Every structure is written in structure tokens, then in C-alpha cells.
Amino acid sequence: MKKQKIARRRPLPGKALQRAAKVTIHKIPTGVRGLDDILGGGIPEFSFNIIAGAPGSGKTTLAHQIVFANATERKPALYFTVLGEPAMKMLRYQQQFSFFDETKMGKAVRFVNLADVLLEKNLNAVLEEIIRQITTAQPGIVMVDSFRTVVRKAMATEGELEMQTFIQKLAQFLTSWQATTFLVGEYAQEEIRDNPLFTVADGVLWLSQLPERNSVVRKMQILKMRGQDTVPGLHTIRISSDGLQAFSRTLGLTGKSVHPLRGRRRLSLGVPELDQMTNGGLLEGDSLLIAGPSGTGKSALATQFIAAGLRAGESAVMVLFEERPQGYAQRAANFGLNLTTPQKQGKLEILYLRPLDLSVDEAMQEILDAIKRVGAKRLVIDSLVGFEMALAPGFREDFRESLYRMIGALTGAGITILSTVEVEDTFAAMPFSHYAISFLTDDIIRLRYVEIDGQLRKVMVVIKMRGGNHSKDIREYVITDKGVVIIHPRRTDYDGLTTGIPRRTGPRLAQADEAAPEPKAKK
């Protein structure tokens, strides 16, 4: 009998080997709004993952959202419970969330209790039961909650070596099976380095609750996700009636192409004389800062800016932090500006954001959602001081960074932004803002009070316009039933108007000197 010749292939060159070995990794959705963007598109299919964190951080809720988002009768989800909460108790609370689908229970989503096996037998028996259930059901998703209880039982009764052997065998089986696996457990940060479980895992999602003075903020960090470009850093999460929601530090705008505006239009600010001062109006896609003390008409200018856009057929969003929408619309009506009808027509949305534990990224997401709903081209933020005060204390440190990211993304997409900020008149200087945020804006208009002839009057000046030339004049204005009205140019006999205490010069100074009584001669 002749021996069969075994054909041996020559090794492929380096680049050819890379092309042949490349495997497309599909990604499954998490069912959590914002999380897929953070993960770089979703969870890698057939990966072995850990959902870890402190009690109350949202681990079980996240696990259930992933299960209900992906489970089907053809590829069901197996949810193994160990010594944590019983399945009945767990489901009693999970039913309160909108993602819960009762029609999937028992068919697409199946719960298996391993508590008796773990208590009465050993780790080998637990592993055999997991293998048996998975082989029979052939699931697409596997959850073990809480895996930490299995580890504690093993360390108490069988020792560290047996526990490590169990983890290795379980990981090998689960990664070889065509299922995406999640182990849920309560862990501390210091356990990551010495725990072999975190070494063999493909992905680690870490959830936490961080107390910040009187507020408690939930955060998520992707410590590890093999083969994917995730968004680094800590991301805010919140649990609502819809379950978990994640707020990416990039606001979900990473990688989205921004088309630069060509031949940008000049947009009216709603005040004809101010349009002249700004060389025809505000450039489309600019960010304008209106700075001034209380009562100088910052909100009135913002309202006139929005009203001008609505008249031109442009949708808009107004974000309020200091005044309720109903009162804001009523005050606009006093100026003859109708904001109620555009709201009913879906052309204008007025957001009122004032919870005291708000996160920056959460507020930004609310704004982005409103812009998308109405297709806004103009945005007003009134005011930045109120915005900061609405944030939880820890988020105020990130305020400028997050504002920079949002303004850059929106103006790049062609949305024109007007923000107001309150500054105090010192009558010795003219600051633009107590924030170092002037670099965020393309244009700055400063409003202030000045004392003239024993009266407190209002003046404005265009400080900066990146899009071209602008008027250098300091113009007096008044607030009437038409809103902000700039007084027609007239010759002034004062200088030092920017100090708030101007000095009289010119002919009127001479007239005043002539009218002044002569000092009496000393006897």
C-alpha cells in the first residue's frame, strides 16, 4: 500500500498572511442609548465580557437591557442566577422598565438557577450544569449573575487553585461556543490587577456611583474591549423608566463628517442697527456671546435673534436655565414677538433645564435631541451662569471642556449659536465674562451701564468678529415695547464710556465751565 503524500503549503508572506487571517467581527447592540457609540459600535459578537461595579451602580439593569435587545427564539438568551437575587425578585423590578418584553419570557429569555448546585455540590458540578444548559439551548447571549458569589464559594471551600481552574475552563468553553457571554459581579478597583478573570476577559465594563458633595453621579468606564476603538474616560449614566442611558463624552459626534459651509450667509440679529454694526449680521455657523450685567437686555436680544430666524423660515431651539418657558414666551409677547405659534408648529422648541444634579453631557444630549427634532439652525443658551448652577458640583470643573466640544460640533454643522452670560459692572473695567470662555466664541457683544448727566444709561459695543470687520462705535440703546432699540448715531461729548463713568469733553464742557459760578474771593 502506497503512502499518501501530504501536500505542505509554503508559509505566506507577511502581508498576505495578514490578509488571509483577518476576520470580520460583528457587533451586537446593547439596547442602551449612547453606549454603542462609546463602545465603538456595540459588543463584539462571541466575546467574553465582565460587567463589574459596586452595588446599586446598575449592573443588573444593564445586563437585562442587553438580553432583551438581542434575545430571539432561534438564538435565546440564558440568564444564570447564582446566590444573588432570585429570578422572581429580580424580574419583579425589571418589569418596571420599558425595555422589558413579557412575550420573550420562557422562550427567547430563559432563567436558570444554579444556587442549589453551587450549595450542594462543587465547582465542577456548576461547570457541568452550565455546559449542559448551553449545549441544549444553543443561546446567542449568556449571562451569569452574580459570578462573584461563585468565586467566593470556591475560595471558601475549594481554594484558589480550584477557583482559577474553574475560571479557565469556563472561559475556554464560553469563548469556543458561538455565544456572547457576560459575567456580572461586584468588584472593587483593587481586585482587577490580581484577579485572573479580568485577564482572560475580552471586555470589561465598569460601573460606579460617585458621591459629589450632596449629589451622587453614576459613571461608566470601558476598561477593556479587545479589537475596538472605544471612547476613553468616564461617561455619565442615568437610570430612568427606560433603563440605563449613557452619555458619551464625545456626545456621539465622533467620526461624523462635518461639511464646511461655503459662501456663508449673514444672518439678521433682529435689530437693524446691530446688523449694521456687525457688517450685515452674524455669519452662519458662528458662535456669539452676549455679555452684560443684569437688566441690560441680554435675553431680549436673544429673543429678537430667534424671532428673526423664525421670520426667515429657520427652526430654532432656546435653552433656558433661569426663566420658565411660559414666562419667557409671555415677555417676548410684550415685545410683539410670538413664540407660542412656532412651538405649536414644531418650528421652535424651548427647553427648561434646571435640576441641580444635572451632568454636562446629559444637558448637551438634551440640546442635541431638541435640535434634531425641529431641524434647528439657530440655538440660544440663556444663560451660561444658569447652566453652570444647574450642574452637580463635580461637573462644573468639566463645564468649559464640554461646552467647547458641543459648540465646536454644532457650529461645524452650520448651526448658529447665541449664548448669554452675566458679568458684573465694576465701573473700573469692562470684563467679557468671569469664565475664560471668550476663546470659544467667534463674536462678542458687550452691554453695560454708564452714568451720564445723573442718569444710568445702557450702551453696547461689538468687541470681536472673526468673520470680518465691524463697527468700533459705542452705541447707546434703550429697551422699549419693541425690544432692544439702538438710538441713532449722534455726536457725543463724552469719552471713557467703557469705564462706566465717562468724562465730558468738547463744546458742552466749555458751556458747562461758562455756566459754573465763579468762586467767591477770600476776604
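Predicted model only: the values in this text are computed from it and were never measured.
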Query raised in the report: Between Asp382, Ile371, Ile367, which is the residue that forms a side-chain contact (heavy atoms from CB on, under 4.5 Å) with Val319?
Result: Ile367
Report summary line: Closest heavy-atom pair, Val421 versus Leu289, reported as atoms and distance to 0.1 Å, is CG1-CD1, 3.6 Å
Query raised in the report: Among all residues two or more places apart in sequence or in another chain, which pass the ring pair (Phe, Tyr, Trp, His ring centres under 6.0 Å) test with Phe335?
Result: none
Query - Minimum-distance pair of heavy atoms, taken over all atoms of Leu62 and Ile51 - result: CD2-CG2, 4.0 Å
**Report entry** Under the ring pair (Phe, Tyr, Trp, His ring centres under 6.0 Å) test, residues paired with Tyr328 that sit two or more places apart
**Finding:** none
**Report entry** Rounded distance (nearest 0.5 Å) linking atom CZ of Arg373 with atom CG of Leu351
**Finding:** 6.5 Å
Query raised in the report: Has the side chain of Thr230 got a donor or acceptor atom that lies under 3.5 Å from a matching backbone atom of Leu39?
Result: no
Query raised in the report: Hey, does the Lys NZ or Arg CZ of Arg238 hover above the aromatic six-ring of Phe247, less than 6.0 Å from the centre and inside 45° of the axis?
Result: no
Query raised in the report: Is a side-chain N or O of Ser471 found less than 3.5 angstrom from the main chain of Asp473, in a donor-acceptor match?
Result: yes
Report task. Say whether, by atom type as modelled, one donor and one acceptor occur between the side chain of Asp202 and the main chain of Asn49 under 3.5 angstrom. Result -> no
Query - Neighbour count above 12 (heavy atom, 6.0 Å) for Gln345 CD - result: yes
Requested in this report: Please step through side-chain hydrogen bond (donor to acceptor under 3.5 Å, both in side chains) for the pair Glu322 and Ser383, ending with a clear verdict.
Outcome: CA-CA 7 Å; Glu322 299 177 0; Ser383 71; 2.5 Å; yes
Query raised in the report: Pick from Val484, Ile306, Thr296, Val380: which one makes a side-chain contact (heavy atoms from CB on, under 4.5 Å) with Leu301?
Result: Val484
Report summary line: In short, Ala332 meets Thr303 closest at the heavy-atom pair CB-CG2, 3.5 Å
Query - Residue list, salt bridge (charged side-chain N to carboxylate O under 4.0 Å, His left out) with Arg311, at least two apart or on another chain - result: none
Query raised in the report: Do Asn70 and Pro29 have side-chain heavy atoms sitting under 4.5 Å apart?
Result: yes
Requested in this report: Return the minimal non-hydrogen interatomic distance between Ile38 and Ser248, and the atom names on each side.
Outcome: CG1-CB, 3.5 Å
Requested in this report: Identify whether the distance between the nearest side-chain nitrogen and carboxylate oxygen of Arg264 and Glu284 falls below 4.0 Å.
Outcome: no
Requested in this report: Look at the rings of Phe399 and Phe387 and say which category their plane angle falls in: under 30° parallel, 30 to 60° tilted, over 60° perpendicular.
Outcome: perpendicular
Query raised in the report: Are the side chain of Thr61 and the backbone of Leu244 linked by a donor-acceptor contact shorter than 3.5 Å?
Result: no
Query raised in the report: When Arg466 is tested against each of Asp443, Asp442, Thr441 for side-chain hydrogen bond (donor to acceptor under 3.5 Å, both in side chains), which residue passes?
Result: Asp442
Report task. Taking atom CG of Asp229 as the centre, report whether more than 12 heavy atoms of other residues, nucleotides or ligands fall under 6.0 Å from it. Result -> no
Report task. Please step through side-chain contact (heavy atoms from CB on, under 4.5 Å) for the pair Gln65 and Leu35, ending with a clear verdict. Result -> CA-CA 11 Å; Gln65 279 182 265; Leu35 182 53; over 6 Å; no
Report summary line: Taken to the nearest 0.5 Å, the spacing of Ile445 CD1 from Thr278 OG1 works out to 6.5 Å
Report task. Identify, with sequence neighbours excluded, every residue that meets ring pair (Phe, Tyr, Trp, His ring centres under 6.0 Å) alongside Tyr187. Result -> Phe198
Requested in this report: Please examine the side chains of Ile486 and Gln276, heavy atoms only from C-beta on, and report whether any two atoms are closer than 4.5 Å.
Outcome: no
Query raised in the report: In terms of side-chain geometry, is the basic nitrogen of Glu314 or Arg265 positioned less than 4.0 Å from the acidic oxygen of its partner?
Result: yes
Query - Distance (rounded to the nearest 0.5 Å) between Asp36 CG and Thr30 OG1 - result: 3.5 Å
Query raised in the report: Does any N or O in the side chain of Arg475 come within less than 3.5 Å of the main-chain N or O of Ile487, such that one atom is a donor and the other an acceptor?
Result: yes
**Report entry** Gln365 CD to Gln245 CD distance, which is reported to the nearest 0.5 Å
**Finding:** 6.5 Å
Requested in this report: Just jot down the ring pair (Phe, Tyr, Trp, His ring centres under 6.0 Å) partners of Phe97, sequence neighbours excluded, or say none.
Outcome: Phe99
**Report entry** Lys472 side-chain N/O to His470 backbone N/O, donor-acceptor pair under 3.5 Å
**Finding:** yes
Query - Heavy-atom check, side chain of Arg457 versus side chain of Tyr449, under 4.5 Å - result: no
Query raised in the report: Can you tell if the side chain of Arg218 reaches within under 4.5 Å of the side chain of Ile239, non-hydrogen atoms only?
Result: yes
Query raised in the report: Listed by chain and number, what are the side-chain hydrogen bond (donor to acceptor under 3.5 Å, both in side chains) partners of Ser208, not counting sequence neighbours?
Result: none
Report summary line: Thr416 and Phe305 have their tightest heavy-atom pair at CG2-CZ, 4.0 Å
Query - Stepwise side-chain contact (heavy atoms from CB on, under 4.5 Å) check, Val374 with Lys347 - result: CA-CA 6 Å; Val374 301; Lys347 293 289 186 180; over 6 Å; no
**Report entry** Test item: Lys27 side-chain N/O and Gly40 main-chain N/O as donor-acceptor pair under 3.5 Å
**Finding:** yes
Query raised in the report: Do any N or O atoms from the side chain of Gln228 and from the backbone of Gly42 form a donor-acceptor pair under 3.5 angstrom?
Result: yes
Query raised in the report: Given the rule in the side-chain contact (heavy atoms from CB on, under 4.5 Å) test, do Arg33 and Asp242 qualify, once you have shown the distances and angles that lead to the verdict?
Result: CA-CA 10 Å; Arg33 187 185 180 196; Asp242 293 325; over 6 Å; no
**Report entry** Glu186 and Lys59, any side-chain heavy atoms less than 4.5 Å apart
**Finding:** yes
Requested in this report: Take Leu418 and Leu282 through the side-chain contact (heavy atoms from CB on, under 4.5 Å) test and state the conclusion after the steps.
Outcome: CA-CA 10 Å; Leu418 185 152; Leu282 200 62; 5.8 Å; no
**Report entry** Residue pair Gly375 / Ser315: nearest heavy atoms and the distance that separates them
**Finding:** O-CB, 3.7 Å
**Report entry** Value rounded to 0.5 Å, distance of OG in Ser287 from CD1 in Ile381
**Finding:** 7.5 Å
**Report entry** Ile43 side chain near Phe182 side chain, heavy-atom distance below 4.5 Å
**Finding:** yes
Query raised in the report: Has the side chain of Gln304 got a donor or acceptor atom that lies under 3.5 Å from a matching backbone atom of Gly483?
Result: no
Report summary line: Rounded to the nearest 0.5 angstrom, the CG-CE distance for Leu348 and Met318 is 7.0 Å
Query raised in the report: Is any side-chain heavy atom of Asp361 closer than 4.5 Å to a side-chain heavy atom of His235?
Result: no
Query raised in the report: Do Lys377 side-chain atoms and Gly309 backbone N/O form a donor-acceptor pair below 3.5 Å?
Result: no
Query raised in the report: Less than 4.5 Å apart, any side-chain heavy atom of Met465 and any of Leu283?
Result: no
